[in-house]
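Worth saying up front: this structure is predicted, and the values here are computed from it rather than measured. Letters A, B, ... are given to chains in the order of the sequence lines, protein chains preceding strands, and every chain is numbered from 1.
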Protein chains: 2
Amino acid sequence: MMNGDPLTRPEMAAERIAVLARAAEPGARLGTKEELRATCGVSVGTFNEALRLVQARGLVSVRPGPGGGLFAAEQSPMVRLGHSVLAIDADQTSVADAVRIRNALEALLVEDALWHASPADIAQMRDLIGEMALAVDALDSTAFTRANWRLHARIAAVSPSEMLRSIYTGLLDLIESHTLAVLPTGASALAHLSQRHRLHADLVQAIADRDRPAAQRLVEEHNTTI
Amino acid sequence: MMNGDPLTRPEMAAERIAVLARAAEPGARLGTKEELRATCGVSVGTFNEALRLVQARGLVSVRPGPGGGLFAAEQSPMVRLGHSVLAIDADQTSVADAVRIRNALEALLVEDALWHASPADIAQMRDLIGEMALAVDALDSTAFTRANWRLHARIAAVSPSEMLRSIYTGLLDLIESHTLAVLPTGASALAHLSQRHRLHADLVQAIADRDRPAAQRLVEEHNTTI
DNA sequence: AGGGCATAATCATCATGATGAATGGAGACC
DNA sequence: GGTCTCCATTCATCATGATGATTATGCCCT
């Protein structure tokens, strides 16, 4: 199933069905299961496995009864978006891309936090700022980075937009999984961590104060300095 | 498979396996197919269908031989991102959200176009600007909007970041599928379309001139006026 | 014309058995 | 110790048959 692996028989059959479904008008009848199974040249069980795969992708629907069988379905736009993300070649993906997109979305999330953050939300953000401060004191840049990510995830959680949250936290996850190995250490790290901590504390304060101009300035600074 | 439909037997079994896989450490052995099939309480064929589903989601891997069977896999971050997008409840998704996220990404794409657009790319953008002009003359706001979307898709296609392109065009697709029914008509539309056309033509000119400040100003204007 | 019923088509799921391939581990040999 | 072979384990795919559910259509009755 992963890029580069040879396709299993059900996967090949699924791809065959997908090609037929995409070439048809939405709602068009593709044929009975038996007819399509013969077209794919696989056994009944293997065909059923393939069918599960293409149904899960929203490409076909299946009906019993006279005139029944397989019908081309139109993937909903959300499903298309999900599958286009799944189809991204992981080898062509850089952390820099993810960071860049994430930074573009940061401003939206802070905007949402200005409007939607409750006192309880802000208290939790402050807890995380406290954890970041402990990490600075301990000169532990790994712990600092982790707390920092948790702070950003917490800010994101305030947004009422599920789509925005999902995309953002997915990107954060991707960045996390690639970044832990290259964290700065040493005396210069202390100044950097302190500065970074200050920036985040000021950001949370701007959210708590509902101070949009300050928040926007801080996001801009956040996104243009590492 | 869609939200709200009763789960089929293979889907229920797949969910059961997914729960087990997520609860385990990556790489941990979950058991033989036969053991897990008994746990799920389904027939062999149904279990195999379920297994295809969870394998496709990157949650398990399967090995033959002594000590073989099912193993918990760790979804790659890209796969997690794709599935989190797939899991977004379509009923909770608004076009306004999609537009907002798309606008945030627009600046990145224009930035990429400034650096990566070839003369051929720019010529094609200009063709689309020409189509938009024809639509203004014909007072056809549907055709204008379509040409406008194609222009944006064309600008996006210049970006070397597959991730950015995929997310952006998926959002554009989502916006397209929801928006066609509410386009303005009438005399006021002419002034609006002309202004909008002018804005896009200036944007393409800024890209062609590699004029970053102008491009940024135009994106900002693009994103703050409808 | 509308509603209900019967029939046929088609699918969802179940059950069973078989062959060939892939894998890991143990034992034998150098 | 390293390598190779053999054996047992386990899976991938195939084949066949069955039952019960769902669906569309046609016919009959009111």
Quick one: is the NZ or CZ of A:Arg196 closer than 6.0 Å to the six-membered ring centre of A:Phe144, and within 45° of its axis? no
Start at the 5' end of DNA chain C and walk down; is the nucleotide closest to A:Pro66 or to A:Asn48 reached first? A:Pro66
What does B:Gly69 touch in the nucleic acid at a heavy-atom separation under 4.0 angstrom: a base, only the sugar-phosphate, or nothing? sugar-phosphate
Expressed in angstrom and rounded to an integer, what is the separation of A:Arg37 atom CZ from D:dT16 atom P? 9 Å
Tell me: CD of B:Glu34 to P of C:dT16, nearest whole Å? 11 Å
Output the rounded distance in Å from CZ (A:Phe71) to C1' (C:dT10). 10 Å
Short side-chain to backbone donor-acceptor contact, B:Glu11 and B:Thr8, under 3.5 Å: yes
Provide, to the nearest angstrom, the distance between the CG atom belonging to A:Leu30 and the C1' atom belonging to C:dT10. 15 Å
If you round to the nearest 0.5 Å, how far is CG of A:Leu81 from CG of B:Leu86? 8.5 Å
Please report the distance, rounded to the nearest Å, between CZ in A:Phe47 and C1' in C:dA12. 14 Å
Between atom CE in B:Met12 and atom C1' in C:dA12, what is the gap in whole Å? 14 Å
OG/B:Ser161 to CG/B:Asp112 distance, rounded to the nearest 0.5 angstrom? 7.0 Å
Is a side-chain donor-acceptor pair under 3.5 Å present for B:Gln124 with B:Arg154? yes
Think B:Thr46 has a side-chain N or O under 4.0 angstrom from the OP1 or OP2 of C:dC14? yes
Between C:dT10, D:dC11, C:dC14, spot the one nearest the side chain of B:Pro64, thanks. D:dC11
Choose from C:dC11, D:dT10, D:dT16 the nucleotide whose nearest atom is closest to any side-chain atom of A:Val44. D:dT16
It should be established whether A:Arg52 places a side-chain nitrogen or oxygen under 4.0 Å from OP1 or OP2 of nucleotide C:dT13. yes
Protein-nucleotide distance (B:Arg29, atom CZ; C:dG24, atom P), rounded to Å: 12 Å
When you measure from the side-chain N and O atoms of B:Arg9 to the phosphate of C:dC14, is any distance below 4.0 Å, counting only OP1 and OP2? yes
Considering heavy-atom distances to DNA chain D, does A:Glu49 or A:Arg63 have its closest nucleotide positioned more toward the 5' end? A:Glu49
When rounded to whole Å, the CG to C1' distance for the pair A:Leu70 and C:dC11 reads 10 Å
